[in-house]
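Quick notes on the structure that follows.
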Amino acid sequence: MKVVIIGGVAGGATAAARIRRLDEKAEIIVFEKSGYISYANCGLPYYIGGVIEDKGDLTLQTPQSFYSRFRVDMRVKHEVISINPDRKSVTVKDLESGVTFEETYDKLLISTGAKPVQPPSEKTAKGNVFTLRTVEDTLAIRQYVEENKPKSAVVAGGGFIGIEVAENLKELGLDVTIVQGGLQLLTPLDYDMASFIHAEVRRQGINLLLNRRVEGIEEVDGNTTVKLKGCNSLTADMVILAIGVSPDTRLAKEAGLKLGIKGSIVVNEKMETPVPDIYAVGDAVQIKNFVTGNDGLISLAGPANKQGRVAADNICGKESEYSGGQSSFIIKIFGLTAASTGINQNMAKQAGIDYDKVILSPMSHAGYYPGGKTMTMKVLFEKGTYRLLGAQIVGYVGVDKRIDVLATAIRAGVKAYELAELDLAYAPPYSSAKDPVNMAGFMIENIKDGIVKQWYIEDEERLLNDNNVILLDTRTVKEFARGHIEGFKNIPVDELRERLHELDKSKPVYVICQSGLRSYIASRILEGNGFEAYNFAGGYRYYEAVKKDKALIEKTLPCGMDGQG
């Protein structure tokens, strides 16, 4: 059996190694148009900033090492320029010699990945406009920084790559501006969770311009100018384009393969295209969302690796299926960590799922043990069925541990209230006897049992204009004085039983405290004394972070908030 693979990195290289482990006799050829066949894609921004010092550390395998171990013919700087399904061959150009030739296959695997989205731009004489996808891109950026000592940079795009590059350039001492087309960074998160990231980015001295759209780059009078739609232009010594990616599927389209969302390649659960003996994996393919069952795109290394393994299994006659992705990710933003798994609120709405949520602010480990940090956790679940839909966490310590537990729970079909039953490891330096994941489960269990009713930040305007409700803040007098929501009455929770006469029992009471715990206790006191009570999801700490961010966005949006900036 002869297998040809177009593209290396995560999907292609994984498939090649797996095919060899399953079939010692197969002839395997990988064509990769860059100079590297297997590299740490996610580590590229950290080489720019010098966190990863040796460029050799980015390369997981070389053509020589891959051949020595797996006897796979890895041909770098070879670009496949066409796929010919009718004669089961590919046309290949050797980029060094310029020679074009045809290679036949029994099985073909397409792993062409995604390509950066670029705004219209003119090439600058300085060569200071970059995208970041390959090792070559990374080396070019670092070389430019070392040789030209730029003082400023504009990063267009606030996704994973944009944020990581911005952080690394800032750590090198550059004046960095992030320009993001939408109203938040990291769109897989809900806006309220992204607001904590905005605060950290600003705190680190990065200029954050939200709701601006880059519409072109020019060199004017020797200066590199980034044109923003409807706004004043920016000048910078260098520009990084990280606006996003789209499936790189020109070859598939020209070969007549079926295409789906954004031109992605349509495959089944075996990673097979409708054309016999042609498979596809990675950022170029359309997959099923594990939570919703809907078609979608996931540009992450983990799913690409898994898909490569599944495709290899089926190429070798071993039954294997890819059951879909849930977009689990984690990212470092200076000292902060953000992570997510499953779907967010917007995705739930789009899928027509009736959902609910809990928001909590637990400590990363036992409060009495030094070094604990508060994290913000949001867990979504389906009303009625209590199916786990997704989770988002932003914090400093222990975020990775909790998001992986929640990702596993989603995959395993654990009910949201069953999180309370998970037997998780505990010692004071690492967790609490009631782990944050357990706490989320306790809260959801209380909702299921009718012990707790919630209100949310999106209810604020309605409640503030309703004279038939009581708004109650149960923090201490000092906490209340430092900041509160106008219109709320302050009765500390420890005084509530003695002051119930101050409240009108005929009106529902909407309660808030700093993190949600004291307001929960207050809600139980109220319910136990004949009141109807609702506990705020998230606490005043969460409320204040979201409201401050919204105020800053409005203040710094001279282009308006209509999406045209």
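Quick caveat, the model's predicted, so the values are computed rather than measured.
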message: Tell me whether the count of non-hydrogen atoms from other residues, nucleotides or ligands lying under 6.0 Å of NZ in Lys507 goes above 12.
response: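 Atom NZ in Lys507 is packed in, count exceeds 12.
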query: Run the side-chain hydrogen bond (donor to acceptor under 3.5 Å, both in side chains) check on Ser340 and Gln392 step by step: do they pass?
result: CA-CA 4 Å; Ser340 176; Gln392 302 163 48; 5.1 Å; no
Check this for me: does any side-chain nitrogen of one of [X] and [Y] sit under 4.0 Å from a carboxylate oxygen of the other?
X	Y	result
Asp175	Lys151	no
Glu458	Lys357	yes
Lys548	Glu544	yes
Glu445	Lys448	no

- prompt: Any side-chain heavy atom of Leu44 sitting closer than 4.5 Å to one from Thr134?
  reply: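 SC-SC contact between Leu44 and Thr134 ruled out.
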message: Just so I know, are the side chains of Arg213 and Gln180 near enough to count as touching, which here means a heavy-atom distance under 4.5 Å?
response: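 Contact flag for Arg213/Gln180 side chains = no.
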What pairs with [X] under ring-ring contact (aromatic ring centres under 6.0 Å, His included), at least two apart in sequence or on another chain?
X	answer
Tyr417	Tyr386
Phe196	none
Tyr144	Phe130

field: side-chain hydrogen bond (donor to acceptor under 3.5 Å, both in side chains): pairs with one or both residues in residues 153-173, sequence neighbours excluded
entry: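 Qualifying pairs, neighbours excluded: Glu167-Lys332.
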- request: Give every residue pair that meets the side-chain hydrogen bond (donor to acceptor under 3.5 Å, both in side chains) criterion with at least one member in residues 508-519, sequence neighbours excluded.
  value: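 Every side-chain hydrogen bond (donor to acceptor under 3.5 Å, both in side chains) pair that includes a residue of residues 508-519, provided the two are not neighbours, is Arg475-Gln514, Glu479-Arg518, Ser519-Asn535.
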field: Residues in side chain to side chain contact (heavy atoms under 4.5 Å, CB included) contact with Asp459, at least two apart in sequence or another chain
entry: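 Per chain and number, Asp459 pairs via side chain to side chain contact (heavy atoms under 4.5 Å, CB included) with Trp455, Tyr456, Arg462, Leu463.
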Would you mind listing every ring pair (Phe, Tyr, Trp, His ring centres under 6.0 Å) that reaches into [range], with sequence neighbours excluded?
range	answer
residues 425-446	none
residues 159-189	Phe160-Phe329
residues 330-378	His365-Tyr369

- request: Show the numbers, then the answer: is there a salt bridge (Lys or Arg N to Asp or Glu O under 4.0 Å) between Asp549 and Arg202?
  value: CA-CA 10 Å; Asp549 187 67; Arg202 294 186 187 105; 2.8 Å; yes
- request: Mind checking side chain to side chain donor-acceptor pair (under 3.5 Å) for Glu421 and listing every partner two or more places apart, or none if nothing turns up?
  value: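 Not a single residue meets the side chain to side chain donor-acceptor pair (under 3.5 Å) criterion with Glu421.
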query: Residues two or more places apart in sequence or in another chain: which of them pass salt bridge (Lys or Arg N to Asp or Glu O under 4.0 Å) with Asp404?
result: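 Asp404 satisfies salt bridge (Lys or Arg N to Asp or Glu O under 4.0 Å) with no other residue.
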Result block: side-chain N/O donor-acceptor pairs under 3.5 angstrom for residues 375-385, not counting sequence neighbours:
unit_1 : atom_1 : unit_2 : atom_2 : d
Thr376 : OG1    : Arg541 : NH1    : 2.7
Thr376 : OG1    : Arg541 : NH2    : 3.4
Lys378 : NZ     : Asp190 : OD2    : 3.0
Lys378 : NZ     : Asp192 : OD1    : 3.1
Lys378 : NZ     : Asp192 : OD2    : 2.9
Lys378 : NZ     : Gln345 : OE1    : 2.5
Glu382 : OE1    : Thr385 : OG1    : 2.8
Glu382 : OE1    : Arg387 : NE     : 3.2
Thr385 : OG1    : Arg387 : N      : 3.2

